[in-house]
Amino acid sequence: MAGLELLSDQGYRLDGRKAPELRKVQARMSVFAQADGSAYLEQGNTKALAVVYGPHETRGSRSKSLHDRAVINCQYSMATFSTAERKRRPHGDRKSSEMSLHLKQTFEAAVLTQLYPRSQIDIYVKILQADGGNYSACVNAATLALVDAGIPMRDYVCACTAGFVEETPLADLCHVEESGGGTSLSLALLPRSGNIALLQMDARLHQDHLDTLIEAAMTACKGLSKVLDSVVRQHLKEVSVLTRD
Amino acid sequence: MPFDTKRIRGPEESQSPLLFLSPAKVPESSSREGVRGNGDVRPVFARCGLISQAKGSAYLEAGNTKIICSVYGPKEIERKDETDMKTGRLVCDFRLAPFSCLKRGAWIQGSEERDLSAALLESLQPGVCLHKYPRSQIEVNVMVLENDGSILAHAVTCASMALADGGIEMYDVVLGCALRQNGESCLVDPSYTEECGNWQAGYGENQGCVTLALLPNLNQVSGLTAEGDMREDTLTDAVRTCMDGCNKLYPVYQQALIRAVKKKAPPPEK
Amino acid sequence: MAAVHLSEAEKVYIIHGVRDDLRLDGRGCEDYRHMEIETDVVSNTDGSAKISLGHTDVLVGIKAEIGKPKPLVPNEGYLEFFVDCSANATPEFEGRGGEDLGVELSNTLYKVFNNRLSVDLRSLCISPGEHCWVLYVDVLLLQCDGNLFDAMSIAIKAALFNTRISKVQLSENEEGGKEIELSDDPYDCMRLDVENVPCIVTLCKIGHRHVVDATLQEKACSVASVLISVTHRGTVTCVRKMGKGSLDPESIFEMTEAGKRVGKSLHAPLMRLLQEEESLGQKRQKVGFLG
Amino acid sequence: MAAEMRLPAVHKFISLPTTSQSQDDKQLVVPGEVITSDTGFMRGHGTYMDEDRLTASVAGEVERVNKLICVKPLKTRFNGEVGDVIVGRVTEVQQKRWKVESNSRLDSVLLLSSVNLPGGELRRRSAEDELAMRDYLQEGDLISAEVQSIFSDGALSLHTRSLKYGKLGQGVLVQVSPSLVKRQKTHFHNLLCGASIILGNNGYVWLYPTPDQQDEEAGGYFTSLEPVSLSDREVISRLRNCLLALSAHKVLLYDTSVLYCYESSLSHQIKDILKPEVMEEIVLETRQRLIEHEC
Amino acid sequence: MKLCVPGERLCSTEDCIPGTGTYLRHGCIFASLAGYVLRKNEGEELPVISVVRETEAQLLPDVGAIVTCKVTSINPRFAKVHILYVGSTPLKDRFRGTIRREDVRATEKDKVETYKSFRPGDIVLAKVISLGDVQSNYLLTTAENELGVVVAHSEAGAQMVPISWNEMQCPRTHSKEFRKVARVQPEYLQA
């Protein structure tokens with residue numbers, strides 16, 4: 001991929017975006033009727049579908065339930081046709097279980113679980129099309145699904161990826177930029193309070209670039225939270241105008 | 001991976017010699033060379049009660065197709081759910097011995113065998129009085145020793161014989177019969193070559209296989225699978241022929257079971 | 001399917017309703033629920049389709065890859081089916097929960113398409129014995145409210161209609177091995193003839209009558225059901241009796257006849273809808289999940 | 001034989017000529033948004049304290065009842081209060097109690113001691129009762145009950161000790177979001193159109209043919225299994241589809257709104273009510289009549 | 001003696017009453033087992049027809065059956081047992097049962113201590129009172145005189161002799177141990 005020039009000298013990326021620019025985000029809440037909460041989100045070409053069941057009694061072994069708060073149970077899976085190379089199994093490989101663990105940790109920080117002792121909240125996310133930033137698309141879709149299910153949360157959880165090419169931080173990487181060998185940092189943020197729910201980075205980066213990269217990711221997340229906010233308010237206005245006593 | 005010098009490794013990509021065999025010609029006139037008519041079932045040999053540890057067992061030979069079946073239970077179930085409280089549960093396991101077909105199979109159960117187990121379960125379930133065995137589970141294990149065609153049909157007959165031999169209460173015996181449709185003529189109880197023959201390559205109309213499981217006394221169909229490409233009227237005729245095929249098997253079934261009961265114990269005094 | 005518990009009284013109510021040809025939602029015994037179909041929903045597949053039949057949502061993606069033909073039939077490509085019962089449909093499918101249903105569904109699909117006439121497999125062959133196209137048909141179950149087979153088969157037919165396989169040239173390279181080049185013009189592609197692709201009709205026996213397109217609740221009161229896949233010419237490609245109970249031969253003949261009639265009448269409106277969607281071309285406003 | 005297929009259309013939300021007065025006073029909040037920062041208010045459902053700032057934890061409408069502030073989300077599980085009428089389904093039979101699924105956070109509990117035993121007389125629960133529990137109520141049975149108390153972890157304890165509660169017989173169950181069911185004095189209604197309805201606070205709505213003789217209440221454990229007449233069945237199916245239409249368009253459910261929707265759906269066939277465009281038309285018509293009825 | 005196979009029509013309901021190994025359908029009696037057809041008339045005008053196989057007729061412990069079981073573990077609230085025999089027929093497979101504290105004896109139900117009634121390894125006669133539910137196993141009771149411990153071994157290992165309804169004595173060390181002893185029926189007392 002060395003030949004591919006991720007950042008042209010005029011500062012444009014491969015898909016014509018500027019460095020800090022986000023991809024086009026489209027979303028819709030309550031897509032399915034049978035689930036407690038559901039949402040569909042497109043971030044550029046990455047398409048994610050999130051469904052929430054619960055809070056409900058913990059099925060299966062009683063041992064899993066906690067006496068003082070709800071257990072958050074996540075499953076991340078990718079459709080077999082989501083990537084260019086067909087995947088043999090949707091989930092169950094190491095990467096999906098790692099991603100499920102990340103989602104679980106992210107939402108344990110945001111959801112007010114102590115309100116629902118001994119119960120369980122299931123969050124299932126499906127990637128219909130993968131074009132980089134899978135983790136961030138999942139987190140944003142799951143946030144919308146949780147809001148749709150009426151589950152109390154401290155704040156939105158917005159997630160975004162950031163990369164570092166030729167001394168300039170890039171926001172919201174697509175697949176080509178992510179697999180281009182450069183660093184890619186994914187950050188899950190609670191925008192209003194500025195608390196970081198999860199920070200994960202792979203590949204090597206010089207120590208003093210780290211702050212600029214995190215800064216870029218934070219601003220990208222704040223931008224994303226505005227988009228999510230507008231989607232939720234639009235859904236609320238659209239729906240609540242109908243319910244009037 | 002250290003290279004294993006001791007074992008002589010064959011070529012990476014080897015093909016089985018069967019490929020180069022000229023495909024056995026399905027008799028074009030599709031009438032069997034006088035050995036048995038199109039509508040005749042192969043001669044069946046059946047024996048019950050030959051596995052001592054099993055509750056019930058049966059061995060059945062139809063032509064070269066050899067099947068053995070054993071029944072265990074009723075046993076206690078570990079993982080219970082509410083439906084098990086009222087009725088018992090039937091568990092079927094269908095295995096082809098690796099040496100049973102031309103091409104050596106694997107020991108682990110393939111998806112095709114799992115499909116056959118499901119079909120066997122669906123055929124046997126209507127015949128067994130499961131409500132008499134609440135909270136318990138009856139296991140049926142079928143092993144095909146040699147596959148010479150219509151294994152599912154004969155497995156159903158063999159399994160229901162083993163159940164009856166095991167003293168499990170049943171509404172009726174379950175008999176199985178298969179049929180291969182080749183154009184306008186149909187071959188009952190097809191052998192392995194007739195079963196797949198050149199059907200894969202054949203582009204003619206009305207090519208297909210039908211397998212049927214029947215409760216003869218209650219005249220109820222408990223299992224039906226059909227594949228291939230057939231007109232709807234051909235299909236209904238095929239189902240009717242299969243039912244006659246099943247009824248032909250009933251005397252053999254009855255005689256085998258009665259022999260086993262007699263062998264097990266003398267008639268109770270009055 | 002997802003487990004639905006019903007009380008005895010509700011089952012009796014449903015059974016009597018079917019006897020009077022008036023089901024819970026007012027449908028007759030041979031009516032389908034409201035059906036919405038859309039193709040080309042996922043972009044990095046060669047063909048895709050989404051169907052929502054009542055509350056049952058299925059998404060089918062087809063990817064064509066070059067593979068080796070099967071040794072027994074060297075001059076034909078083949079289809080591979082995979083059904084993913086995702087946890088989205090019900091929490092029971094989480095982890096390995098949905099696997100055995102997925103295997104059962106894909107086995108049945110193999111049976112339905114395991115005949116020579118549905119898809120012209122010989123057109124998928126590139127060079128006999130060496131290279132051929134393999135169509136990976138991946139079915140994703142998103143929401144489950146009964147009648148999965150019918151929804152899947154209609155979605156597969158729509159996805160096959162929508163599939164575009166780019167044309168391939170064969171050229172000799174220096175050492176005499178065959179060299180495959182894909183044509184670079186994205187619009188120069190091969191379309192599949194889906195005229196003969198069968199549609200599955202599942203008839204559930206409730207009481208003394210049979211019902212088409214049964215919801216999960218209706219399926220809970222049915223003893224046995226017959227699955228029959230029918231092409232537009234009315235030929236039957238696969239029949240399977242499913243369920244715990246048994247059926248008397250008369251009702252089996254009745255159900256296969258009804259299945260053929262209903263199956264045959266599914267094809268015309270579906271093909272009309274696909275042609276109409278095709279004719280809209282770019283003007284068509286893509287809806288997908290954003291509708 | 002009808003198999004009518006369509007291309008999906010984008011559902012534009014039906015904006016209504018709402019009276020201006022009711023539009024502005026509603027404050028819509030999203031999770032994390034600060035509602036008020038003075039400490040005089042009491043914290044209700046759907047909010048949490050963030051360093052003495054009252055912030056919303058769910059997205060919905062702010063409701064101020066003199067000192068109490070709470071946020072009512074649109075879709076949520078059922079938060080039961082004592083006295084609520086609910087419809088539930090028995091999921092498990094355990095020692096001396098039944099577990100009941102009631103669309104709430106935890107499965108509700110119906111103790112053997114809080115039901116009327118057949119014969120109605122009050123007596124100590126004997127060992128036979130314990131063993132014969134499955135004869136009274138078994139898995140899958142539907143019951144109507146009232147919330148008696150709430151356990152420490154939020155699970156509801158139910159009772160059916162009045163003749164109007166108990167095991168439900170033939171009929172149809174419709175599940176809607178609990179926040180769509182309006183709280184009223186009585187949730188049992190015999191609608192004029194010829195069917196009866198139980199609007200459970202937990203979003204489970206039960207439609208059943210009006211029992212002809214009034215005294216045969218649902219209190220006992222006997223459920224009649226003879227066939228319901230076709231006319232009653234048509235009324236119940238039409239009502240079911242109307243309920244689905246109302247809940248799809250988020251209209252509050254109470255006896256008058258259901259009746260209006262039933263009347264405005266008479267012009268359509270029962271099975272056509274579920275078509276998106278027919279649903280919109282019926283709900284629009286119902287809302288008009290509700291607005292005129294109100295002012 | 002006539003032999004039959006499951007599903008065979010034996011007779012119609014007018015001329016006999018269905019016994020074990022048969023079932024009723026559309027007014028006719030069908031055989032549900034493979035075995036000998038037996039017609040016994042027990043007083044009423046219609047003979048009882050049943051199909052008898054030589055082996056055990058009873059395959060499962062059902063409510064009301066007297067079972068012989070071996071105590072596997074005890075705790076203050078109940079004793080866990082493995083059911084070995086139903087009536088006189090041995091069970092090939094392991095069935096687990098539970099005797100709750102309040103089902104050990106009929107008198108002073110609340111003053112019962114399980115370790116004074118059973119010890120692991122004892123052979124106990126009990127009666128099945130319920131099939132239990134999803135979590136629990138078969139519920140058994142020993143609340144009758146002829147139910148309770150039949151065979152018990154003392155700490156010294158010798159087989160103890162029952163001396164009263166709640167005590168047994170070791171022949172070798174003469175030490176007494178508490179058990180809920182079954183008053184053994186005369187006909188079981190061979191030699």
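Sequence lines set the chain letters: A, B, ... in the order given, protein chains first and strands last, and positions in each chain run from 1. Scope of the values below: all heavy atoms of this structure, side chains included, with no hydrogens, waters or symmetry mates.
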Toward chain C, the part of [X] with a non-hydrogen atom under 4.5 Å:
| X | value |
| --- | --- |
| A:Ala84 | backbone |
| A:Ser38 | neither |
| A:Thr80 | both |
| A:Ser82 | backbone |
| A:Asn73 | side chain |
| A:Gln75 | side chain |

Using non-hydrogen atoms and a 4.5 Å limit, figure out which bit of [X] sits close to chain A: side chain, backbone, both or neither.
| X | value |
| --- | --- |
| C:Asn88 | both |
| C:Glu99 | side chain |
| C:Asp84 | side chain |

query = More than 12 heavy atoms of other residues, nucleotides or ligands under 6.0 Å from NE2 of C:His131: is that the case?
reply = yes

Scan side-chain atoms only and decide if [X] and [Y] contain a donor-acceptor pair under the 3.5 Å cut-off.
| X | Y | value |
| --- | --- | --- |
| C:Tyr78 | C:Glu76 | no |
| C:Thr45 | C:Lys63 | no |
| C:Thr215 | C:Asp145 | no |

With a 4.5 Å cut-off on side-chain heavy atoms, are [Y] and [X] touching?
| X | Y | result |
| --- | --- | --- |
| A:Phe32 | A:Val51 | yes |
| A:Leu103 | A:Cys138 | yes |
| C:Phe161 | C:Glu278 | yes |
| A:Arg13 | A:Val165 | no |

query = In terms of heavy-atom pairs under 4.5 Å with chain C, which of A:Asp122, A:Leu128, A:Asn45 leads?
reply = A:Leu128

query = Among C:His55, C:Glu94, C:Glu65, who wins on heavy-atom pairs under 4.5 Å with chain A?
reply = C:Glu94

